[in-house]
There are 2 protein chains.
Amino acid sequence: MNTPITVAIVEDKELIRQSLAILVDGADGFACQATFETAEAALDHLPGQCVDVVLMDIDLPGMNGIDCVRHLKQLCPATQFMMCTMYDEDETVFEALKAGANAYILKRSPPHKLLEAITELHEGGSPMSSTIARKIASSFHISPTAPNELDILTPREREILDRLSKGHSHKEVAAELFVSPTTVRKHIFNIYEKLQVHSKIEAVNKYLGRK
Amino acid sequence: MNTPITVAIVEDKELIRQSLAILVDGADGFACQATFETAEAALDHLPGQCVDVVLMDIDLPGMNGIDCVRHLKQLCPATQFMMCTMYDEDETVFEALKAGANAYILKRSPPHKLLEAITELHEGGSPMSSTIARKIASSFHISPTAPNELDILTPREREILDRLSKGHSHKEVAAELFVSPTTVRKHIFNIYEKLQVHSKIEAVNKYLGRK
DNA sequence: CCGACAATACCGCATTTGCATGATTTTTTA
DNA sequence: TAAAAAATCATGCAAATGCGGTATTGTCGG
């Protein structure tokens, strides 16, 4: 415990902010260096003192915690951000991760779990409340409904669609595959019929599984 | 602890398999119902007895653990799979998640952590070793090189690009935004210049962050 | 052997798109 | 407030694209 992990807290609710500060400061090996009521206050003062870990509430008045992380991560790349929220809503989780957060825990976590999470985060891990982690894991699962659509395409059609998805034109694909441009156009036409679309972008979106 | 969590273990190394079985069976609330040396053996016998949780090694002789999960997940959708491996290589993590695994821990985890993870997994969580979780979290981060590209677009240009990405033509976008089609075309032209691309698909690929 | 399908290829037409040039008005910002 | 940036609109051309029909060849399964 030579040098304690320095922590900052961004949380608008007085009671929670104080509780967290006391918990962190009271524990061995941790030092609560600053607390802020708003995202704006954190943005003003944190860049100067770049702490190790920031506990960030999401539902703040004014700027929300996610946008705050997005900005702070630019200014303090070394600082680790732990989102700390009441709810486990789908969208916010992914937005927070995109913004640069490396941990996401629910406020209902027991105190010792919280301290453990801070340590893990500081050591290069990414602690997640398990329900949060499940959401993330699920987002990787291949959906069992979609794949059939692409199954009805022939290998040649998939080949062409793949090249279209990389931004190549009829002519370019034809040259790459050593066939006539009209052939490629015919294939594309067939692909559209099978996938029930009417443009390259719609076809590519289906191909890449994003609609 | 009314009904214990039933567990199966797939692991080729005798010593590790035995250790895990003893650990699980010895703990309160857990029951090790089967152990297998190979993926093939698990595929043969598991579907009949569908346990709650399967601990799956990845580096198996013959079929690897990831492909094994891919097949078993179809046959036993209710069973939860925990990948259990020595190394934390990038690709295998994501492949395992895609295959349907909901937990991924390193073998070096202490025994009590392992039991805790099994419980969490069974209760709907997705326990991950923290270094694994970091990899996953990082995969969501917007790369620090790319974002500038989209930042140089104006809000209006992003709006238009977003609609293009949904497969709308410039005419449709014009109608949606109540402006002239020529205006939309001008915007699109400006977008191409800023992103250094020459077609819709290339622009949309950059917009959606996949090149 | 024959029908179904895939892959190849062509013609033609209307529309969309990529690219160039130019201009006006509003908004932002220095 | 003056300069810069953004949003709006227009005209025009050549190429790419979407959509329709037609036809030949080869492969595969019944």
Side-chain angles (χ1 to χ4, degrees), chain A residues 40 43-44 62-63 67 70-71 74-75 147-208 210-211, chain B residues 146-211:
Chain A
E40 288 81 0
L43 275 172
D44 275 351
M63 180 187 290
D67 288 330
R70 209 188 316 276
H71 289 117
Q74 307 285 348
L75 303 168
N148 320 7
E149 289 216 296
L150 295 180
D151 283 351
I152 59 178
L153 295 182
T154 69
R156 195 56 157 176
E157 286 165 350
R158 271 193 291 273
E159 167 101 57
I160 287 170
L161 193 44
D162 184 69
R163 288 165 194 269
L164 287 185
S165 78
K166 295 185 169 68
H168 303 182
S169 69
H170 289 170
K171 268 188 184 171
E172 290 169 327
V173 175
E176 290 161 20
L177 300 182
F178 306 107
V179 297
S180 151
T182 41
T183 303
V184 175
R185 294 183 65 188
K186 181 63 176 173
H187 281 305
I188 294 175
F189 182 69
N190 291 335
I191 291 169
Y192 289 174
E193 282 202 319
K194 287 185 180 177
L195 296 186
Q196 289 283 293
V197 298
H198 312 279
S199 74
K200 278 192 193 179
I201 293 202
E202 286 179 292
V204 169
N205 279 347
K206 285 215 174 188
Y207 176 62
L208 298 177
R210 278 124 187 175
K211 33 179 189 319
Chain B
N148 324 8
E149 291 216 293
L150 293 181
D151 282 352
I152 59 178
L153 296 182
T154 69
R156 194 57 156 178
E157 286 165 349
R158 273 192 289 273
E159 167 100 58
I160 286 170
L161 192 45
D162 184 70
R163 288 165 194 268
L164 286 185
S165 77
K166 295 185 168 69
H168 302 182
S169 71
H170 63 219
K171 251 187 195 175
E172 291 169 325
V173 175
E176 289 161 20
L177 300 181
F178 305 107
V179 295
S180 149
T182 45
T183 301
V184 175
R185 296 182 65 190
K186 180 67 173 173
H187 281 306
I188 294 175
F189 179 69
N190 291 334
I191 291 169
Y192 288 174
E193 280 204 320
K194 288 186 179 178
L195 297 186
Q196 289 284 290
V197 298
H198 310 279
S199 72
K200 278 193 194 178
I201 292 204
E202 286 179 291
V204 169
N205 279 347
K206 286 214 174 189
Y207 176 62
L208 297 178
R210 63 197 183 204
K211 24 174 195 323

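Chain letters run A, B, ... following the sequence lines, proteins first and then strands; every chain starts at 1.
- Remark: A/Ile188 CD1 to A/His170 NE2 distance equals 3.5 Å, nearest 0.5 Å.
- In this structure, NZ of B/Lys200 is placed 11 Å from P of D/dT17, rounded to the nearest angstrom.
- As a whole-Å value, the separation of A/Asn190 CG from C/dC5 P is 12 Å.
- With hydrogens and angles ignored, the 3.5 Å screen pairs a side-chain donor or acceptor of A/Glu40 with a backbone N or O of A/Met63.
- With rounding to whole Å, A/His198 atom NE2 is found 14 Å from C/dT17 atom P.
- Nucleotide C/dT26 holds its P atom 15 Å from the CZ atom of B/Arg156, rounded to whole Å.
- Rotation axes derived from the C1' atoms of the five outermost pairs at either end of the helix from C/dC1-D/dG30 to C/dA30-D/dT1 lie 60° apart, to the nearest 10°.
- Expressed to the nearest 0.5 Å, how far CD1 of A/Ile160 lies from CZ of A/Arg163 amounts to 9.0 Å.
- Using a 4.0 Å cut-off between charged side-chain N and carboxylate O, B/Lys206 and B/Glu202 make no salt bridge.
- Put simply, CD on A/Glu159 is 15 Å from C1' on C/dT8, counting in whole angstrom units.
- In this entry the distance linking CG of B/Leu164 with P of C/dT17 reads 8 Å, nearest Å.
- Checking C/dA7, D/dA6, D/dC19 against every side-chain atom of A/Tyr192, the shortest atom distance belongs to D/dC19.
- Using modelled atom types, no side-chain atom of A/Lys200 and backbone atom of B/Ile201 make a donor-acceptor pair closer than 3.5 Å.
- The backbone N or O of B/Ser169 sits less than 3.5 Å from a side-chain atom of B/Glu172, completing a donor-acceptor pair.
- Of the candidates D/dG18, C/dT16, D/dA16, the closest approach to any side-chain atom of A/Ser169 belongs to D/dA16.
- Atoms CZ (B/Phe189) and C1' (D/dG12) sit 14 Å apart, rounded to a whole Å.
- With rounding to whole Å, A/Ile201 atom CD1 is found 17 Å from D/dA16 atom P.
- Under a 3.5 Å cut-off, the side chain of B/Asn205 and the backbone N or O of A/Ser165 do form a donor-acceptor pair.
- For DNA chain D, the residues of residues 170-188 of chain A within the heavy-atom distance limit of 4.0 Å (strictly under) are A/His170, A/Lys171, A/Arg185, A/Lys186, sorted by number.
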Could you go through A/Glu176 and A/Val184, starting from their C-alpha distance and side-chain angles, then the distance that decides it, and tell me whether this counts as side-chain contact (heavy atoms from CB on, under 4.5 Å)? CA-CA 11 Å; A/Glu176 290 161 20; A/Val184 175; over 6 Å; no
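- The side chain of A/Thr154 approaches C/dA7 more closely than any other nucleotide in the set C/dA7, D/dC19, C/dC19.
- Remark on DNA chain D: of its neighbouring residues A/His168 and B/Glu157, the 5'-side contact belongs to B/Glu157, judged by nearest-heavy-atom nucleotide.
- A salt bridge is absent between A/Arg158 and A/Asp162: the closest approach of a Lys/Arg side-chain nitrogen to an acidic carboxylate oxygen does not fall below 4.0 angstrom.
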